[in-house]
Amino acid sequence: MKVSVSTGTLSGTKADIGILPMFEDDYNSTIQSLHDDIPALSLAIDSGDFKAAKRTQTLLYTGIKSMPRVVLIGLGAKKDASTKELRNAAGRALKACAAVKAKKVTFVLPDTSLAISEAAQALAEGALLSLYKFDKYMSKEANSYKQPEAVTFIHTDKKAVADAKKAIETAEIISEGVTIARDLANAPNNEIYPETLAKKAQELGKAAGVKVTVLNKTKIASLKMGGLLAVNQGSVRPPVFIVMEYNGTKATEKPIVLVGKGVTFDSGGISIKPGAGMSDMRLDMHGSATVIGTIVAAAKLKIKRNIVALVPATENMPDGGAYVPGDVIRLMNGKTVEIDNTDAEGRLILGDALTYADRFKPQAVIDFATLTGACMIALGGVTSGLMGNNDALKAHIKAAADTTAEYVCELPLYEEYEEQIKSDYADVKNSGGRPAGAITAGLFLQHFIGDYSWAHIDIAGTGIQAKATDINPKGGPGVGVRMMINMLQNW
Ligand code: BES
Ligand code: MN
Ligand code: ZN
């Protein structure tokens with residue numbers, strides 16, 4: 001879908017459908033101007049059926065050939081305008097456009113209480129993100145209508161159009177990053193497994209000016225990444241460790257290192273999961289999808305920071321050669337781990353990645369992982385779990401998360417919980433049982449970090465959606481990309 005912006009009025013542009021956002025406060029003046037522009041709209045509004053209340057919308061027919069349909073979207077009171085409401089409203093409006101199989105859409109940019117650039121970015125993001133479907137494997141869908149070809153945002157004022165232009169380009173790049181993450185996350189394991197994930201990272205990196213290095217099993221073994229090797233033991237597909245580097249500023253600036261869990265399928269291994277719902281575990285590499293989507297978008301936006309993305313990738317499978325409960329393994333930083341449950345695999349591969357991260361002398365390290373069912377039970381699909389060792393870093397993440405409405409909530413890493421992951425015969429145990437399962441996983445990770453500020457974001461609930469929302473699809477929503485870009489831009 002192509003998005004653009006130009007000066008114009010609703011009746012003065014030609015499209016299959018127009019989108020007209022309205023505030024309760026401006027209701028009367030909007031009706032006035034509509035009367036001159038498209039008379040039928042003011043008649044319909046005069047009926048009193050539509051009052052521009054928050055989260056309402058209605059489709060009207062105009063009797064005008066160049067603009068046969070208009071969706072009115074209600075935004076409530078002007079002072080309540082927020083990027084979240086605009087993004088979601090644009091998402092709902094685009095769904096109405098798709099329902100009538102519109103090809104060309106004209107979207108009126110409203111004057112809100114926000115800066116025009118902020119409003120335009122939010123509306124464009126909502127428009128670009130809302131119609132995503134992972135349907136490439138559906139043969140009957142192949143040639144049918146998917147989404148509009150073009151959305152043109154319009155405003156009568158030249159200056160407003162100029163301000164919106166840059167914001168809409170930014171929205172396009174961010175939405176591409178989210179879409180990359182969605183495509184990777186939703187792909188089944190027979191498409192995206194470690195080596196094909198690495199290949200995708202290389203292709204995407206090349207197109208965006210991001211350097212990509214893929215460490216193979218031999219290299220992983222020589223680095224003594226015992227966690228990644230142990231989890232991979234039961235798999236016929238070899239592991240990879242992907243390193244992506246983008247330099248947006250001088251080499252002397254310390255990088256921000258992003259780490260993403262890349263378990264392309266998590267069967268649980270020998271501690272095998274129940275069959276029902278196991279297919280969701282093709283999404284167990286959403287963390288890796290998030291960091292790949294983020295670094296690609298950051299590079300295309302030319303963000304003035306140095307960024308590294310690290311992805312340890314493997315399947316977790318049962319097999320005669322698989323690692324088993326009771327095994328003791330040694331991770332890259334030398335610490336030994338008692339395997340209590342082979343389904344607690346994400347923390348083992350992340351442990352090695354967090355140790356590897358130290359060689360970049362990072363300003364901060366942030367990891368994303370579908371790490372624990374406990375986090376999903378605690379916070380559901382709306383909020384990710386946030387843990388870490390640095391309050392300033394956590395505050396930056398929280399501020400970005402609130403802005404993009406990809407919420408985070410802090411869980412405490414109190415040392416008292418360490419008791420649960422004490423082992424009788426190794427330095428640490430990979431499972432702390434059911435109580436506080438998200439926290440004991442975070443504490444486990446902390447054993448393997450280097451001398452840096454670190455935050456861990458558990459996206460087990462937010463990365464696997466049971467149903468679609470205004471802007472997100474069912475399945476993998478690409479959570480975290482918008483949040484991270486916002487943080488990298490504003491920190
Ligand atoms: N990938 C899962 C966590 C998960 C579960 C993500 C459900 C999304 C939805 C992870 O590898 C896992 O299996 N964790 C175990 C840990 C336990 C064995 C200590 C869990 O949460 O049950
Ligand atoms: Mn698991
Ligand atoms: Zn897992």
Side-chain angles (χ1 to χ4, degrees), residues 185-186 189 192-194 197 227-228 230-235 239 259-290 311-318 322-327 337-353 367-385 387 411 417 420-423 428-445 456-466 474-477 479-480:
N186 289 296
N189 188 50
I192 293 287
Y193 47 88
L197 181 63
L228 182 53
V231 175
N232 181 252
Q233 247 171 253
S235 172
V259 177
K261 172 176 171 181
V263 174
T264 62
F265 186 74
D266 181 13
S267 69
I270 293 297
S271 313
I272 197 162
K273 289 179 182 293
M278 200 201 270
S279 71
D280 276 354
M281 288 299 115
R282 71 191 185 281
L283 295 157
D284 207 21
M285 36 60 72
H286 196 311
S288 69
T290 297
V311 174
T314 179
E315 297 170 339
N316 184 24
M317 300 294 265
Y323 78 137
V324 299
D327 279 359
V337 180
E338 171 195 345
I339 304 304
D340 181 56
N341 189 319
T342 63
D343 199 10
E345 84 297 339
R347 62 198 75 184
L348 300 172
I349 70 171
L350 290 171
D352 285 333
D367 74 73
F368 284 85
T370 47
L371 203 60
T372 65
C375 191
M376 177 191 69
I377 296 299
L379 302 172
V382 176
T383 309
S384 302
M387 286 148 264
L411 302 173
Y417 292 107
Q420 289 175 235
I421 51 170
K422 281 224 164 81
S423 165
V428 61
K429 192 166 72 171
N430 82 327
S431 154
R434 290 186 57 179
I439 292 171
T440 52
L443 279 172
F444 180 94
L445 295 180
H456 158 58
I457 303 180
D458 192 332
I459 56 169
T462 52
I464 304 175
Q465 295 290 332
K474 177 181 165 153
V479 65

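Every heavy atom of this structure was used, including side-chain atoms; hydrogens, water molecules and symmetry mates were not. In listed order, ligands and their atoms are each counted from 1.
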- Query: Short list, please: which atoms of ligand 1 are under 4.0 Å from a heavy atom of Thr370?
  - Reply: 1 (N), 2 (C), 3 (C), 6 (C)
- Rounded distance (nearest 0.5 Å) linking atom OH of Tyr193 with atom OG of Ser235: 11.0 Å
- Message: Ignoring hydrogens and geometry beyond distance, is a side-chain donor-acceptor pair present between Asn341 and Ser271 at under 3.5 Å?
- Response: yes
- Contact atoms of ligand 1, heavy-atom distance to Arg347 under 4.0 Å: 16 (C), 19 (C)
- Message: Working to the nearest 0.5 angstrom, can you tell me the gap between Asp284 CG and Ile459 CD1?
- Response: 9.5 Å
- Short list, please: which atoms of ligand 1 are under 4.0 Å from a heavy atom of Glu345? 11 (O)
- Under 4.0 Å from one or more heavy atoms of Asp343, ligand 1 contributes atoms 10 (C), 11 (O), 12 (C), 13 (O), 14 (N), 15 (C)
- Given side-chain hydrogen bond (donor to acceptor under 3.5 Å, both in side chains), test Asn232 with Glu315 step by step and report yes or no. CA-CA 6 Å; Asn232 181 252; Glu315 297 170 339; over 6 Å; no
- Query: Which one of Asn430, Leu283, Asp284 has a non-hydrogen atom at the shortest distance from atom 1 (N) of ligand 1?
  - Reply: Asp284
- Task: Side-chain contact test, heavy atoms from C-beta onward, threshold under 4.5 Å: evaluate it for Tyr323 versus Asn316 and give yes or no.
- Result: yes
- At the 4.0 Å heavy-atom cut-off, does Arg434 count as touching ligand 1? no
- For the atom pair CG (Leu228) and CD (Gln233), what is the distance rounded to the nearest 0.5 Å? 11.0 Å
- Message: Can you name the atoms of ligand 1, numbered from 1 with element, that are less than 4.0 Å from a heavy atom of Ile464?
- Response: 8 (C)
- Message: At a cut-off of 2.8 Å, what protein N/O/S atoms sit near the Zn ion (ligand 3)?
- Response: Lys261 NZ, Asp266 OD2, Asp284 OD2, Glu345 OE2
- Query: Going by heavy atoms in the side chains, are Met278 and Ile272 under 4.5 Å from each other?
  - Reply: yes
- Message: Any nitrogen or oxygen of Lys273, side chain or backbone, less than 3.5 Å from one on ligand 1?
- Response: yes
- Query: atom 21 (O) of ligand 1: which protein heavy atom is closest, and how many Å away?
  - Reply: Gly373 N, 2.7 Å
- Message: Just verifying a value: how many Å separate Asp266 CG and Asp280 CG, rounded to the nearest 0.5 Å?
- Response: 11.0 Å
- Message: If you consider just the N/O/S atoms, which atom of Glu345 is the closest one to the Mn ion (ligand 2)?
- Response: OE1
- Task: For residues Gln420 and Ala436, report the shortest heavy-atom separation together with the two atoms involved.
- Result: OE1-CB, 4.5 Å
- Message: For Lys429, state whether at least one heavy atom is located under 4.0 Å from any atom of ligand 1.
- Response: no
- Item | Atom nearest to the Mn ion (ligand 2) - Asp266, N, O or S atoms considered | OD2
- Message: Regarding Asp367 and Lys261, does a basic nitrogen lie under 4.0 Å from an acidic carboxylate oxygen?
- Response: no
- Distance-only N or O hit between ligand 1 and Lys261, under 3.5 Å: yes
- Query: For atom 19 (C) of ligand 1, which candidate among Gly437, Ser431, Gly461 holds the nearest heavy atom?
  - Reply: Ser431
- Task: Answer with yes or no whether the side chains of Glu338 and Asn430 bring together a donor and an acceptor at under 3.5 Å.
- Result: no
- Task: Report the distance from atom OG1 of Thr370 to atom CG of Asp458, rounding to the nearest 0.5 Å.
- Result: 7.5 Å
- Query: Within the side chain of Glu345, is there an N or O that forms a donor-acceptor pair under 3.5 Å with the backbone of Thr314?
  - Reply: no
